[in-house]
Peer 1: 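I'd like to ask some things about the structure below.
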2 protein chains.
Amino acid sequence: MNLHPKNTSARTVRPVRRQQLHENVARQLRALILEGVLSDGDRIIETALCAQLNVSRTPLREAIKTLIHEGLIEHRPNRGARVTKTTAKEMRQLFEVISGLEMLAAETVATSIKPTEFKRLQSLHDKMAMHHAAGERDEYFVLNHQIHLKIVELSGNPILVETHASLMTRARHLRYQALAGQDRWMEAMEEHNGIMKAFEAGDAALAGRLMKQHVRRTGEVVEATFPGP
Amino acid sequence: MNLHPKNTSARTVRPVRRQQLHENVARQLRALILEGVLSDGDRIIETALCAQLNVSRTPLREAIKTLIHEGLIEHRPNRGARVTKTTAKEMRQLFEVISGLEMLAAETVATSIKPTEFKRLQSLHDKMAMHHAAGERDEYFVLNHQIHLKIVELSGNPILVETHASLMTRARHLRYQALAGQDRWMEAMEEHNGIMKAFEAGDAALAGRLMKQHVRRTGEVVEATFPGP
DNA sequence: TATGCCCAAATTGTATACAATATACAATGT
DNA sequence: ACATTGTATATTGTATACAATTTGGGCATA
């Protein structure tokens with residue numbers, strides 16, 4: 001038998017996901033922050049968390065480092081780590097950068113999307129529209145998020161996907177989605193309609209412009225409704 | 001006496017830069033990769049590097065983690081770390097993303113740059129033009145890099161600066177600058193002239209478009225002249 | 001010769017021990 | 001009482017020890 005699975009013809013078998021402890025810890029810690037169990041500015045005491053998670057300090061520290069790079073945690077030498085305090089302004093700046101990335105993605109997608117891909121995207125869009133019409137807020141937001149991710153994915157640029165994902169994690173720090181009111185919800189749905197039409201027409205410039213405006217607007221609304229400084 | 005130096009009038013005393021070991025190690029390791037001492041695909045054996053750098057494995061592993069997040073190193077569980085092998089295609093994709101970010105920066109700068117800032121930028125530009133005219137390649141490229149960084153900085157968006165910086169590190173993986181020929185050099189200088197004019201005119205759309213094209217073109221040239229796959 | 005198995009060496013992953021640093025609080029002097 | 005200094009404690013940073021995993025080679029077997 002071949003020791004190197006990659007060289008076999010088997011497409012169906014994929015290497016088992018070899019989890020490292022620190023990855024698990026990072027995921028859990030991330031969840032704790034996103035779910036608000038740990039809130040902004042909270043000090044993270046290594047030994048205390050170690051006891052709770054039942055791991056030693058080494059993997060925890062590695063996980064902390066991961067979240068630092070994701071921007072969820074801040075760290076001062078010899079003074080430990082804290083959950084990043086995000087201000088309204090930073091939130092807008094975050095969306096500003098995301099708007100640049102998604103604009104790029106939208107332009108690429110409008111130029112190069114294949115019929116089957118477009119159909120799949122359209123079906124997501126339709127599903128979202130349904131939830132919107134039905135007033136099902138949570139389901140709407142899940143679909144909305146998926147669509148944005150999908151568009152970035154369709155750009156076919158892994159570096160774009162990765163960069164975008166990292167920033168999105170920070171943006172989801174607060175459940176900002178819940179903050180937007182009815183008006184913005186309507187508006188956003190319209191913007192999505194426009195973007196889909198631009199895709200269909202293959203109008204890259206338009207798709208890019210609309211996407212950028214859409215995300216930027218979202219950021220402005222988030223900034224305006226953001227609690228704290 | 002006040003325990004908090006920030007509140008004193010003393011502007012002259014600033015807190016000492018408290019270096020952590022792993023930061024030093026990360027810097028050195030980064031340099032080793034960028035300078036080509038460690039080349040693409042090279043395995044990184046922790047104990048061996050530890051001996052060379054005279055540190056224990058813990059800070060080295062932390063430094064490795066940092067470079068992983070920067071994209072300079074890849075890592076497979078239980079199989080150690082390797083210097084990332086960058087393909088020509090990935091290089092173009094990298095510049096693609098950078099073009100999106102710099103476009104955003106250029107648009108913002110064109111809208112909001114202050115006269116004094118513009119003057120400073122213009123002086124950098126002029127200096128670069130001089131080196132260009134004099135055929136001083138290395139000096140030209142240093143200035144060129146500084147100008148791009150400056151424009152991103154002038155956007156006033158720290159998240160943009162940070163994201164951009166991280167991607168630029170990866171882009172500098174190879175001294176791609178040296179690869180571009182005389183033709184591209186001429187062309188790039190012209191593009192920079194156009195961008196500066198757009199800034200002066202306050203034409204955000206134009207500045208953004210020109211910047212995007214400029215960076216994208218750079219990426220294409222890099223892709224074309226890139227060694228390896 | 002080729003294949004599969006098993007073991008040993010090398011290497012990475014995790015836990016723990018020790019050192020350096022920061023923080024809180026009591027002691028001291030003014 | 002107030003500010004300053006000294007000391008104990010808590011916490012982080014680094015080194016080392018131990019466990020788990022991978023890798024490569026020898027050897028038996030067909």
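Chain letters run A, B, ... following the sequence lines, proteins first, then strands; residues in each count from 1.
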Peer 1: Could you note down all residue pairs passing salt bridge (Lys or Arg N to Asp or Glu O under 4.0 Å) where residues 91-101 of chain B supplies at least one of them, sequence neighbours left out?
Peer 2: B:R92-B:E223, B:E96-B:R216
Peer 1: As a test of reading the structure: which of D:dT14, C:dT14, D:dA15 is closest to the side chain of A:S56, going by heavy atoms?
Peer 2: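 Taking heavy atoms from C-beta onward, the closest nucleotide is C:dT14.
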Peer 1: Tell me the interatomic distance from B:L21, atom CG, to C:dT21, atom C1', rounded to whole angstroms.
Peer 2: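 These atoms are roughly 15 Å apart.
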Peer 1: List in chain and number order the residues that pass side chain to side chain contact (heavy atoms under 4.5 Å, CB included) with A:E70, two or more places apart in sequence or in another chain; answer none if no residue qualifies.
Peer 2: A:R30, A:T66, A:L67, A:L72, A:T169
Peer 1: Please report the distance, rounded to the nearest Å, between CZ in B:R57 and P in C:dA15.
Peer 2: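 The answer, rounded to whole Å, is 14 Å.
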Peer 1: Can you list every pair that meets side-chain hydrogen bond (donor to acceptor under 3.5 Å, both in side chains) and has a residue in residues 105-117 of chain B, with sequence neighbours left out?
Peer 2: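 Found A:K212-B:E107.
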Peer 1: Tell me the interatomic distance from A:H75, atom NE2, to C:dT21, atom C1', rounded to whole angstroms.
Peer 2: 12 Å
Peer 1: Where do N or O atoms of nucleotides 9-11 of chain C meet protein N or O atoms at under 3.5 Å, pair by pair?
Peer 2:
unit_1 : atom_1 : unit_2 : atom_2 : d
C:dT11 : O3'    : B:R43  : NH2    : 3.0

Peer 1: Do any side-chain nitrogens or oxygens of A:H22 fall under 4.0 Å of OP1 or OP2 in C:dA15?
Peer 2: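 Negative; the distance criterion is not met.
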Peer 1: Within the 3.5 Å criterion, strictly below it, is a donor on B:T218 or B:R184 matched to an acceptor on the partner's side chain?
Peer 2: yes
Peer 1: State, to 0.1 Å, how close B:M128 and B:L143 come at their nearest heavy-atom pair, and which atoms those are.
Peer 2: CB-CB, 3.8 Å
Peer 1: Contact list please: residues 58-69 of chain B against DNA chain D, heavy atoms, distance less than 4.0 Å, in numerical order.
Peer 2: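 B:T58, B:P59 - these, ordered by number, are the residues of the stretch whose heavy atoms sit under 4.0 Å from the strand.
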Peer 1: Applying ring-ring contact (aromatic ring centres under 6.0 Å, His included), name anything that partners A:H131, two or more places apart in sequence or on another chain.
Peer 2: none
Peer 1: Could you check how far CG of B:N54 sits from C1' of D:dT14, rounded to whole Å?
Peer 2: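 The distance from CG of B:N54 to C1' of D:dT14 comes to 13 Å, rounded to the nearest Å.
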Peer 1: Is B:R170 salt-bridged to B:E90, going by a charged N under 4.0 Å from an acidic O?
Peer 2: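 Between B:E90 and B:R170 there is no salt bridge, as every charged N stays at least 4.0 Å from the carboxylate O atoms.
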Peer 1: Tell me: CZ of A:R76 to P of D:dT11, nearest whole Å?
Peer 2: 16 Å
Peer 1: For the pair B:R61 and A:E62, evaluate side-chain contact (heavy atoms from CB on, under 4.5 Å) and give the outcome as yes or no after the intermediate values.
Peer 2: CA-CA 9 Å; B:R61 283 173 63 86; A:E62 294 189 359; 3.4 Å; yes
